[in-house]
Asks: 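First, the structure itself, so that you have it in front of you.
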Amino acid sequence: MRNPAHAVRPAADPIVRIDGLSKQFPNGPLALDQVSLAVPRGQLLCLIGLSGSGKSTLLRHLNGLHRPTSGDVEVMGVDVVRAKRSQLRELRREVGFVFQQFGLVGRLSCLENVLSGALGRLRAPRFGVLSYSTALRRQALEHLDRVGLADRAFQRSDTLSGGQMQRVAIARTLMQEPTLLLADEPVASLDPESSAQVMDVLFRIVVEEQLTVICTLHQVELALGWANRIVGLRDGHLVLDQPVAELDEREVMDVYRRVEPGAGPAASPDRAGERRATRIRS
Amino acid sequence: MTALVDRPTAPASEPAQRLRPPVTRRTLLLRLVLVGFLVATVWAWFFIDMSLTAMFGGLGDMARLLGRMTPPRFDDLDQAIDLAFETLWMAVIGTALAVLLSVPLAFGAARNTTPHAVVMAVCRGVIVATRAIPDLIFAAIFVRALSIGVLPGILALGVHSIGMIGKLFADAIEQVDEKPREAVQSVGAGKWQAIATSVVPQIIPGVIATTLYRLDINLRSSTVLGIVGAGGIGFLLQQNLRSLQYDRALGVVIVIFVFITVMEFLSAAVRTTLLGGDRASAGGRAPKGSIGAALARRIGAAGPSRQGVEEFDPDTVRPPFRGERRTKTIYAVGFAVLLGIALRSVQLNPFEVLGSLSDMGRVALRLLPPDFTTARDGIWTGMLESIAVALVATFLGAIVSMPLGLLAARNVAVNRAVYLAARLFVVFLRGVPELIVAVLFVSAIGLGPVAGTFALVVGTAGFFAKLIADAVEEVDPAPRDAVFATGATRSQETLVSVVPQAMPALVGNLLYVLDINLRVSTVLGIVGGGGIGFLLFNSLRVLRWETTGAILIAIFAVVYAIELLAGWVRKQLL
């Protein structure tokens with residue numbers, strides 16, 4: 001296993017650069033309001049915030065699943081906003097995405113779901129496990145083995161438990177051989193034990209593969225133990241952006257507008273968060 | 001946290017090096033069914049002398065016929081519109097008659113309400129038999145037995161509709177939650193009291209949905225009954241074609257097309273208002289966000305959304321006349337008025353309709369004893385030909401409708417223009433009933449099963465494409481996003497995440513379409529499109545009632561066998 005310390009190594013070239021990103025859904029709220037962010041290579045970044053604060057929307061802009069209303073998004077040198085379909089496809093190949101609801105096709109076997117991760121590298125449409133080459137199938141099986149589910153390869157994926165499904169989804173992401181991993185609440189719909197298992201697998205892989213990670217999480221303790229930078233969103237605004245080393249749990253909880261019992265009636269959490277955010281940016 | 005990294009990883013042993021999916025009973029069965037279907041189709045292809053040259057030649061003939069038909073002439077437009085309305089009234093009365101007859105049959109056929117096992121068996125027998133025999137055959141028989149006119153048409157619609165309505169009503173009754181009934185019975189209510197207060201309210205939505213759905217089907221099928229002289233606009237078409245006035249015939253076809261399309265939109269709107277968005281699927285159609293739903297919103301009718309806590313007024317002990325209750329009352333009164341207008345327009349009094357039911361008993365007796373011997377070879381080859389036509393038409397229709405259905409699904413279509421064009425094309429294909437298309441193809445390329453097959457392909461393509469599009473629109477978008485996120489192209493994504501998700505619906509609907517095509521192919525012969533229908537119609541013409549009886553039994557046996565087979569396969573696979 002490689003040294004996990006690689007993650008903290010400072011890197012000059014940002015792998016993700018977001019500038020003044022706003023997103024207005026038709027008939028909906030302003031999901032993102034002038035968000036700017038730069039993520040250096042190798043960073044483990046956790047996005048936190050209440051449901052509806054714009055975390056998932058932000059992630060989905062990074063691989064072009066959403067198009068911004070205004071602002072710029074550049075990922076690995078690709079201008080996502082103005083990218084052509086083929087460029088976007090190229091980019092998506094390099095960017096793994098782990099969804100809260102796993103995004104498995106329930107009626108297909110685990111192996112076929114994992115194999116679909118290779119589609120970005122393939123030209124023609126595929127149908128059925130046997131339409132993929134033996135080499136790809138072997139590779140997919142290895143990835144399933146890495147997440148501990150090789151024995152379930154030919155089981156229908158909708159017969160698995162939630163934690164197992166998420167591990168299959170991770171194996172599918174591995175199949176892409178990504179450099180950047182986006183994870184949208186990967187454990188939000190799992191029980192604590194499965195969550196620990198999934199995060200364990202995910203973290204091990206991230207370290208082994210030296211991936212850059214942007215992960216949205218609800219569990220603040222998990223985020224603090226895991227990430228080396230935390231970004232907080234509230235109502236589409238960036239309200240917190242700090243390295244984990246300089247943070248304590250109370251400051252992070254401010255993002256959730258919750259005041260810990262011992263904290264007392266200090267400054268309005270709103271303001272504190274915003275001030276911090278401006279400080280970081282300037 | 002980093003401690004987690006050191007936790008023992010999954011067993012490092014060699015993963016099972018199995019790289020092909022294991023063959024399970026299910027996959028084996030699926031393959032057997034697929035191979036069986038293909039082999040049968042190949043047999044059928046040669047049996048009806050189908051060939052690629054015949055196909056393209058046929059299309060050429062059809063194009064020439066269309067050339068002779070254009071420009072359409074609307075000389076008898078007044079008559080056509082009158083007959084279109086007559087068609088509408090026939091469908092309304094026929095459906096009402098079927099509901100009336102189906103209610104007692106359904107309560108007799110449902111396991112939980114039947115008074116006796118024998119009653120149940122008889123009721124189920126009637127339901128199965130009326131479903132298996134197509135309405136056009138009933139119409140042909142009634143026309144011979146009674147007279148030419150709307151009455152035999154209405155009776156045919158009514159009797160055949162019992163098969164579907166009775167079955168769906170009985171299913172609804174059997175799926176009722178039994179607990180309220182126990183509660184009502186435990187306060188001392190009698191059996192029928194309990195049924196009225198606990199079973200009936202539960203089945204009402206299902207009853208409305210089924211009735212509307214059937215009305216929809218009857219509106220469509222009543223347009224062809226005139227071909228055998230059972231009233232409605234089909235008669236005019238037949239007349240124009242017989243006298244080789246093709247341009248007038250096209251005029252009539254256009255009137256039929258407009259009639260059916262308008263009715264489709266209207267009934268979709270009525271269905272959405274009465275049943276609400278979430279209930280629309282009870283009838284198996286009208287997906288959320290359909291044009292009907294939009295129309296319903298525009299009309300501003302009240303759906304179930306208006307529910308809520310109503311203010312209670314202790315002085316008037318009656319529910320407020322608002323929201324859903326008002327909508328439903330308006331529709332009930334509306335339907336009663338419609339029925340009244342219908343009966344007046346076709347100059348029938350309701351007792352005459354009910355009275356003629358006893359005539360039907362006499363007709364049934366004449367069919368006995370069935371005579372299989374006189375026309376044995378004819379029945380045999382006719383039946384095989386009908387099966388062959390159904391198989392080839394289903395196969396070709398499926399090939400056409402797969403891509404068409406995907407393009408007509410809002411969530412898969414390349415863009416909105418393609419989606420609209422595909423949907424419009426589907427509506428166009430569905431706008432003219434198979435039998436009328438068959439009449440046209442027979443005029444174009446002559447008598448025989450090839451003409452019938454063409455007609456069925458057109459019908460199948462429209463119907464199956466619509467079913468596919470509806471199924472595909474209900475696919476879960478989450479896995480699709482996930483597959484797109486790996487960098488897959490559109491076509492890759494469609495095959496990997498959309499098609500597998502829709503597969504149960506696709507297979508189920510394919511079997512359903514085969515089932516329907518077999519029914520239609522038994523009547524194609526009436527207009528010269530091949531199959532058993534020709535022999536049946538001839539036996540009626542020369543009043544060989546016993547032979548007719550034998551043919552009916554043969555049709556029933558085959559249609560029912562296919563229905564059972566399809567049901568079994570569906571259960572095994574899904």
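Chain letters run A, B, ... following the sequence lines, proteins first, then strands; residues in each count from 1.
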Asks: If only atom types and distance count, is the side chain of B/Gln501 paired as donor or acceptor with the main-chain N or O of A/Val105 below 3.5 Å?
Replies: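 Looks like no, no N/O pair under 3.5 Å.
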Asks: Find the distance between CZ (A/Arg89) and CZ (B/Arg490) and round it off to the nearest 0.5 Å.
Replies: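 Interatomic distance, A/Arg89 CZ to B/Arg490 CZ, rounded to 0.5 Å: 12.5 Å.
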Asks: Can you name the nearest heavy-atom pair linking B/Ala482 to A/Gly103, along with the distance?
Replies: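 Closest approach of B/Ala482 to A/Gly103: CB-O, 3.4 Å.
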Asks: Inspect the surroundings of OH in B/Tyr419 and state if more than 12 heavy atoms from other residues, nucleotides or ligands are less than 6.0 Å away.
Replies: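 Enclosed.
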Asks: Heavy-atom distances under 4.5 Å only: say whether A/Ala124 touches chain B with side chain, backbone, both or neither.
Replies: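 The answer is the backbone of A/Ala124.
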Asks: Less than 4.5 Å to any heavy atom of chain B: does that hold for the side chain of A/Val95, its backbone, both, or neither?
Replies: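 The answer is the backbone of A/Val95.
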Asks: Indicate the atoms forming the closest heavy-atom contact of A/Ser116 with B/Thr486, along with that distance.
Replies: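 Taking A/Ser116 first and B/Thr486 second, the nearest heavy atoms are O-OG1, 3.5 Å.
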Asks: From B/Arg20 CZ over to A/Leu111 CG, what is the distance, rounded to the nearest 0.5 angstrom?
Replies: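 If we round to the nearest 0.5 Å, B/Arg20:CZ and A/Leu111:CG are 12.5 Å apart.
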Asks: side-chain contact (heavy atoms from CB on, under 4.5 Å), that's the test. Do B/Asp481 and A/Arg60 meet it? Break it down for me.
Replies: CA-CA 10 Å; B/Asp481 272 355; A/Arg60 281 164 171 262; 2.9 Å; yes
Asks: Considering only heavy atoms, give the residues of residues 391-402 of chain B separated from chain A by less than 4.5 Å, sorted numerically, with 'none' for an empty result.
Replies: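 Answer by number: none.
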Asks: Hey, which residues of residues 167-177 of chain A are touching chain B, say heavy atoms under 4.5 Å apart?
Replies: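 From residues 167-177 of chain A, the residues near chain B are A/Arg172, A/Gln176.
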Asks: Side chain, backbone, both or neither: which part of A/Leu122 has a heavy atom under 4.5 Å from chain B?
Replies: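 Looking at A/Leu122, backbone and side chain both touch chain B.
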Asks: Which pair of heavy atoms, one from A/Leu65 and one from B/Phe484, lies closest together, and at what distance?
Replies: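 Minimum heavy-atom separation between A/Leu65 and B/Phe484: CD2-CB, 4.4 Å.
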Asks: Quick one: which of A/Arg92, A/Arg137, A/Arg121 has the most heavy-atom pairs under 4.5 Å with chain B, could you say?
Replies: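 Most heavy-atom pairs under 4.5 Å with chain B: A/Arg92.
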Asks: Quick check for you: among B/Ser491, B/Pro22, B/Ala485, which has the greatest number of heavy-atom pairs under 4.5 Å with chain A?
Replies: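 If we count pairs closer than 4.5 Å to chain A, B/Ala485 comes out on top.
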Asks: Taking all heavy atoms of B/Leu19 and all of A/Val129, pick out the closest pair and write down the distance.
Replies: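 For B/Leu19 and A/Val129, the tightest heavy-atom pair comes out as O-CG1, 4.2 Å.
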Asks: Using a 3.5 Å distance criterion without hydrogens, assess whether the side chain of A/Arg107 forms a donor-acceptor pair with backbone atoms of B/Pro500.
Replies: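 Yes, because the side chain of A/Arg107 sits within donor-acceptor range (under 3.5 Å) of the backbone of B/Pro500.
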Asks: Ignoring hydrogens, what is the shortest heavy-atom contact between B/Leu495 and A/Phe127? Give both atom names and the distance.
Replies: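 Closest pair (atom of B/Leu495, atom of A/Phe127, distance): O-CD1, 3.5 Å.
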Asks: With a 4.5 angstrom heavy-atom cut-off, is it the side chain or the backbone of A/Ser109 that approaches chain B, or both, or neither?
Replies: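 Interface part for A/Ser109: neither.
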Asks: B/Gln492 side chain to A/Arg123 main-chain N or O, any donor-acceptor pair under 3.5 Å?
Replies: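 Judged by distance alone, yes, a pair lies under 3.5 Å.
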Asks: Rounded to the nearest 0.5 Å, what's the gap from CG on A/Leu104 to OG on B/Ser497? Could you check?
Replies: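 Answer for the CG-OG pair, A/Leu104 versus B/Ser497, is 11.5 Å.
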Asks: Could you tell me which portion of B/Val498 (side chain, backbone, both or neither) has an atom closer than 4.5 angstrom to a non-hydrogen atom of chain A?
Replies: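 For B/Val498, neither part sits under 4.5 Å from chain A.
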